[in-house]
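What follows is a set of notes on a single structure, which appears directly below.
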Amino acid sequence: MKQNKILYSAILLISAMITLSCSDSFLDVKPKGQVLESSYYSSPDEALAGLIAAYGPINIEAQNTYCSPLGPANSASDDCYCGGGGASDMNQWQAMNDMNQLTSAVMPIDMWNVNFQGVNYSNLILSKLEGVPGLSDADKARYTAEGKFLRAYYYFHLLRWFKNVPLFTEPQTSDDLYSATQADPKDVYAQIEKDFTEAIPDLPATVPASENGRATQGAAKAWLGKVYLYEQKWTEAANVLKDVNGTPGGNSQYGYSLMANYGDIFSPSYKFNSEAVFEIQKISTQNYDWGGWGNYKSNVYSIMIGPRAYVQNNPSAPNYLSGWSFNPITPDLHDAMIVNGNYDPRYPYTITNLDSLVTEGLCAYDKSQCYAATGYFMVKFAPLQQYTSATGVKELNFGIDYIEVRLADTYLMEAEALVMGGGDNSRAQALLDAVRSRVGLPSVPVTMDAIKYERRMELATEGHRFFDLVRWGDADRVLNHMQNGFSKHFVVGKNEILPIPLAELTNTQMKQNTGY
């Protein structure tokens, strides 16, 4: 692992040590220069700044992928094509779309770099808290819990993307990094379980609005339940997710409840709503320009998915900012959302049939410049003009959040765990019914097929679909038999995970994943 390549490298300088901004959120951070790590952590304020630094990678808009993991994850799924301006536009996303192109040199490298940076900052703050003068016992306990939550969070993402990764639970020296070997995935899962489990008691049940984005007990239990689900520990998953979900259709002990209007879930007017279990906040007030990569706390993904050369000719058409036409919706998803001629109630909050609006003369866009054009565009993260900044570079300042875990997701995960583990079938039925009833759909018998279908309809384009197909063993059957072209060329035993980045294999003990 070359020190100049991996973002997990041993750090002598803590760059961008940060302070809170009173006007925005806990995670709205501002650079404060560089300070020596050896002389830092000498006060409670510095301990808090170090903790905020550990949260930072969750919100990184990385230049290589231009956004959060949504682009690569959606490109790999049957919900979206990669799209863009041509077959080589954003080659890392294109490789996820057509997995014949995936190599250790062409792959979403930020999935490795950013998450290991998070591991590094988490280990660093955990190693420093014991010696911080003046830090109260209560704050030390909470900060420790948050550090463990974050380390588990980053490692779970690393396991899903790469499976075979080194396991670090304390800060490393440069020599340690060169000699590191990949751990048994079972050992990494065990550490993730341990971290989430130990974090839960000392995390708050809820947080005030000024701390939105910080870890809570409900978020830790939701992630732990998801980890158990991936390990097929059905009983454990069902039990911990039940704590998150409470009574299906009602309020949970943490105050979660399904939003009455499905479309409101994704609106910036309803940030940190009752359905949000773990939300990554994006803001539109930083006014960054193109030189700010690595510092953005806005949603760059929004402009990526907007139609190219878009013009609104009528107020009834979407008021988009012209974008770059990435992740067009596949005909497969479009057709799946129409049953017996009836549109799923979630369709208008998921898909815009832009070609139909063009035909009516309500808007226009340059379809000839849209690679893999389908005419169907994403709604949940769409670049509506009202969600960006009045100043700065508009396309780089969208304030559209990403709810990475929400209540309907945890309902369906618990239902799956109950069905697969032979648990309480009546509760599984109630959980499925609650998700469907919210959008006015009738009850259907709870089965794995019903749960799989509901997850796709409910969570479409939210970055879950590829991982669901992989863990269900359905990726080969689904991705290689898509209608209307652009097969994903998924290879069983290989494409379930990404290749280890090329830079990590040079002069290190790292081994490449099978098949790459």
Side-chain angles (χ1 to χ4, degrees), residues 24-25 59 61 66-68 70-71 74 79-80 83-84 259 261-273 275-276 279-289 296-329 333-334 337 345-358 360-367 369-370 373-404 406 459-463:
D24 291 297
S25 74
N59 210 9
E61 297 287 336
Y66 277 89
C67 71
S68 68
L70 277 170
N74 282 332
D79 284 353
C80 302
M259 293 285 284
N261 183 351
Y262 181 82
D264 288 344
I265 299 168
F266 316 101
S267 170
S269 298
Y270 296 92
K271 287 175 179 277
F272 295 96
N273 57 64
E275 192 159 336
E279 182 165 345
I280 300 173
Q281 183 165 344
K282 303 293 183 176
I283 59 176
S284 61
T285 57
Q286 288 188 303
N287 300 329
Y288 271 117
D289 58 22
Y296 300 138
K297 297 297 179 286
S298 56
N299 193 332
V300 179
Y301 184 63
S302 291
I303 198 64
M304 297 289 286
I305 64 174
R308 287 178 183 256
Y310 180 81
V311 177
Q312 182 192 38
N313 296 326
N314 186 289
S316 63
N319 188 21
Y320 292 144
L321 188 66
S322 182
W324 301 318
S325 294
F326 282 92
N327 282 167
I329 301 294
L333 177 58
H334 171 270
M337 298 196 82
R346 291 160 289 203
Y347 181 98
Y349 306 109
T350 305
I351 300 173
T352 293
N353 185 340
L354 205 58
D355 282 4
S356 68
L357 300 180
V358 170
E360 295 178 42
L362 302 179
C363 60
Y365 75 105
D366 191 349
K367 191 172 183 177
Q369 298 299 312
C370 303
T374 65
Y376 306 125
F377 286 81
M378 195 182 303
V379 173
K380 291 178 181 176
F381 306 100
L384 291 171
Q385 298 255 18
Q386 62 263 38
Y387 297 148
T388 190
S389 174
T391 59
V393 178
K394 277 180 169 288
E395 54 262 46
L396 299 179
N397 287 281
F398 278 97
I400 302 171
D401 288 6
Y402 173 37
I403 306 176
E404 194 170 10
R406 59 186 179 88
L459 303 171
T461 73
E462 294 177 46

**Study point:** Over all atoms of both residues, closest heavy-atom pair of Pro268 and Tyr387
**Key:** CD-CZ, 3.4 Å
Point to revise | Heavy-atom side-chain proximity of Lys367 to Asp355 below 4.5 angstrom | key: yes
Review point. Hey, are the side chains of Phe398 and Val300 touching, using non-hydrogen atoms and a 4.5 Å cut-off?
Key: no
Review point. Is any side-chain heavy atom of Leu70 closer than 4.5 Å to a side-chain heavy atom of Phe381?
Key: yes
Study note, to complete from the structure: All heavy atoms of Glu275 vs all of Met259, minimum pair found to be OE1-N, 3.0 Å
**Study point:** Close side-chain approach of Asn261 to Tyr349, heavy-atom, < 4.5 Å
**Key:** yes
Exercise for review: Apply side-chain hydrogen bond (donor to acceptor under 3.5 Å, both in side chains) to Lys380 and list each qualifying residue two or more places apart in sequence or on a separate chain.
Suggested key: Tyr262, Glu462
Check your understanding: Which heavy-atom pair separates Pro383 from Ile305 by the least distance, and what is that distance?
Key -> CD-CG1, 4.3 Å
Review point. How about Ile329 and Cys80: do any of their side-chain heavy atoms sit closer than 4.5 Å?
Key: yes
**Study point:** Heavy-atom closest pair, residues Ser298 and Asn397
**Key:** CB-CA, 3.7 Å
Point to revise | Contact check, side chains of Trp324 and Cys370, non-hydrogen atoms, under 4.5 Å | key: no
Point to revise | Check: Lys271 side chain, Gly399 main-chain N or O, donor-acceptor pair, under 3.5 Å | key: yes
Review point. Is it true that Lys282 and Asp401 have a side-chain N and a carboxylate O under 4.0 angstrom from each other?
Key: no
Check your understanding: For the residue pair Ser325 and Phe377, what are the closest heavy atoms and their distance?
Key -> OG-CE2, 4.0 Å
**Study point:** Sub-4.5 Å side-chain heavy-atom contact between Leu384 and Leu321
**Key:** no
**Study point:** Glu279 side-chain N/O to Phe272 backbone N/O, donor-acceptor pair under 3.5 Å
**Key:** yes
Practice item. Answer yes if the ring centres of Tyr301 and Phe326 are under 6.0 angstrom apart, and no otherwise. Key: no
**Study point:** Verdict with reasoning, Tyr365 to Tyr320, per ring pair (Phe, Tyr, Trp, His ring centres under 6.0 Å)
**Key:** CA-CA 11 Å; Tyr365 75 105; Tyr320 292 144; 9.6 Å; no
Review point. For the residue pair Met337 and Arg346, what are the closest heavy atoms and their distance?
Key: CE-C, 3.9 Å
Review point. Can you name the side-chain hydrogen bond (donor to acceptor under 3.5 Å, both in side chains) partners of Gln312, sequence neighbours left out?
Key: none
Check your understanding: Is Thr461 close to Asn327 at the side-chain level, that is, under 4.5 Å between some pair of heavy atoms?
Key -> no
